[in-house]
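Heads up, the thing below is written out as structure tokens.
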2 protein chains.
Amino acid sequence: MNNLFKALNDPTRRAILELLKEEDQSAGAIAAHFDISKPSISHHLDILKRAELVVGIRSGQFIHYSLNMTVFDEVIGWLMQFNSNNKK
Amino acid sequence: MNNLFKALNDPTRRAILELLKEEDQSAGAIAAHFDISKPSISHHLDILKRAELVVGIRSGQFIHYSLNMTVFDEVIGWLMQFNSNNKK
DNA sequence: TAGATGTTTAGGCAATTGTCTAAATGGTTA
DNA sequence: TAACCATTTAGACAATTGCCTAAACATCTA
């Protein structure tokens, strides 16, 4: 849960997720959307990978990144506990 | 959205939210649950307040903190966009 | 008004984070 | 194999974060 919020706590990483929501993309294609160096994007992708929010699959020279939707449910679940009316 | 994830990206702050889910509490009562100085807890509360995740209402010397449930929906809404099947 | 209690503000410090450039790794193709 | 392209790793640096102690502020009560 901590890794998840850490990964989500950055505008660039959230933008990457929104990009991947539209279409799976290679690391380079992702980087092309930002005014940030490729190594930095690579680092962001690593953090997203560790949080299991994205998955990277190598295909030749390219590594194609895509969302791992299931993990989002975990965060949603944590947040949902506050919306139920089980106050003491 | 940025302030929200920033506020949520800390174990102590998330624990404070879980405490307040059970019962509204004063700043001092909240601090008593942690092995952290009161000023530090006060600072955490300030961050939660800025994110509008909690509300503090003074009652005499005490300030009673409670959750502002509505804001949680904003985060849930952002996360939900990834679970729909509107991929291109 | 003093003194006591609850909370926040101020200032400082170590750890973490996001960025960069340079160099290394993995894979393709001539 | 050599040149090339895609990506990551390494190392450095400034900005941010979370913690602390000391001091200030706010409120109540004697």
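Source: prediction; values computed, not measured.
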Counting the atoms with a prime plus P, OP1 and OP2 as sugar-phosphate, which does A:Phe34 contact under 4.0 Å by heavy atoms, base, sugar-phosphate, or nothing?
nothing

Between CD1 of B:Ile41 and OG1 of B:Thr12, what distance do you get to the nearest 0.5 Å?
6.0 Å

Hey, does the side chain of A:Arg13 come within less than 4.0 Å of C:dG18's phosphate (OP1/OP2), counting only N and O?
yes

Please state how far atom NE2 in A:His64 lies from atom C1' in D:dT7, giving the value in whole angstrom units.
12 Å

When rounded to whole Å, the CD1 to P distance for the pair B:Ile16 and C:dT7 reads 13 Å

Checking only heavy atoms, does the side chain of A:Gln61 share a donor-acceptor pair with the base of C:dT28 at less than 3.5 Å?
no

Just how far, in rounded Å, is P of D:dT9 from CG of A:Leu45?
11 Å

For a quick check of understanding: with a heavy-atom distance under 4.0 Å over all strands, which category does A:Asp46 fall into, base, sugar-phosphate or nothing?
nothing

From the list C:dT7, C:dG26, D:dT8, which nucleotide is the closest neighbour of the side chain of B:Ser26?
C:dT7

Starting at CG of A:Leu48 and ending at C1' of D:dT8, how long is that distance when rounded to a whole Å?
15 Å

State whether the number of non-hydrogen atoms from other residues, nucleotides or ligands found under 6.0 Å of B:Glu18 atom CD is greater than 12.
yes

In terms of the nearest nucleotide of DNA chain C, which residue is placed more toward the 5' end: A:Asn9 or B:Ala29?
B:Ala29

To the nearest angstrom, the CG-P distance between B:Asn2 and C:dT17 comes to 15 Å

Is A:Ile36 touching bases, backbone alone, or none of the nucleic acid, heavy atoms closer than 4.0 Å?
sugar-phosphate

Would you indicate, yes or no, if D:dT7 has its OP1 or OP2 atom less than 4.0 angstrom from a side-chain nitrogen or oxygen of A:Ser42?
no

Say you draw a straight line from OH of B:Tyr65 to CD1 of B:Ile30; how long is it, rounded to the nearest 0.5 Å?
7.0 Å

Please determine if a side-chain N or O atom of A:Tyr65 lies less than 4.0 Å away from the OP1 or OP2 oxygen of D:dA6.
no

Is it the case that the side chain of A:Gln81 and the backbone of A:Trp78 share a donor-acceptor pair, with hydrogens and angles ignored and the cut-off at 3.5 Å?
yes

Nearest-Å distance, CG (B:Asp35) to P (D:dC20)?
8 Å

In this structure, how many angstroms lie between the P atom of C:dT7 and the CD1 atom of B:Ile41, rounded?
12 Å

With a non-hydrogen cut-off below 4.0 angstrom, is A:His44 in contact with a base, only sugar-phosphate, or nothing?
sugar-phosphate

Round to the nearest Å and state the distance from B:Ile63 atom CD1 to C:dT5 atom P.
18 Å

Distance, nearest 0.5 Å, that separates CE of B:Met69 from NZ of B:Lys21:
10.0 Å

Ranking A:His43 and A:Phe62 by the position along DNA chain D of their nearest nucleotide, the one closer to 5' is A:Phe62

Think A:Ser40 has a side-chain N or O under 4.0 angstrom from the OP1 or OP2 of C:dC20?
yes

Any A:Lys38 side-chain N or O less than 4.0 Å from OP1/OP2 of D:dA6
no

Any side-chain donor-acceptor pair under 3.5 Å between A:Arg14 and B:Asn2?
yes

Pick the nucleotide of DNA chain D nearest each of B:Pro39 and B:Ile47; which residue has the one closer to the 5' end?
B:Ile47

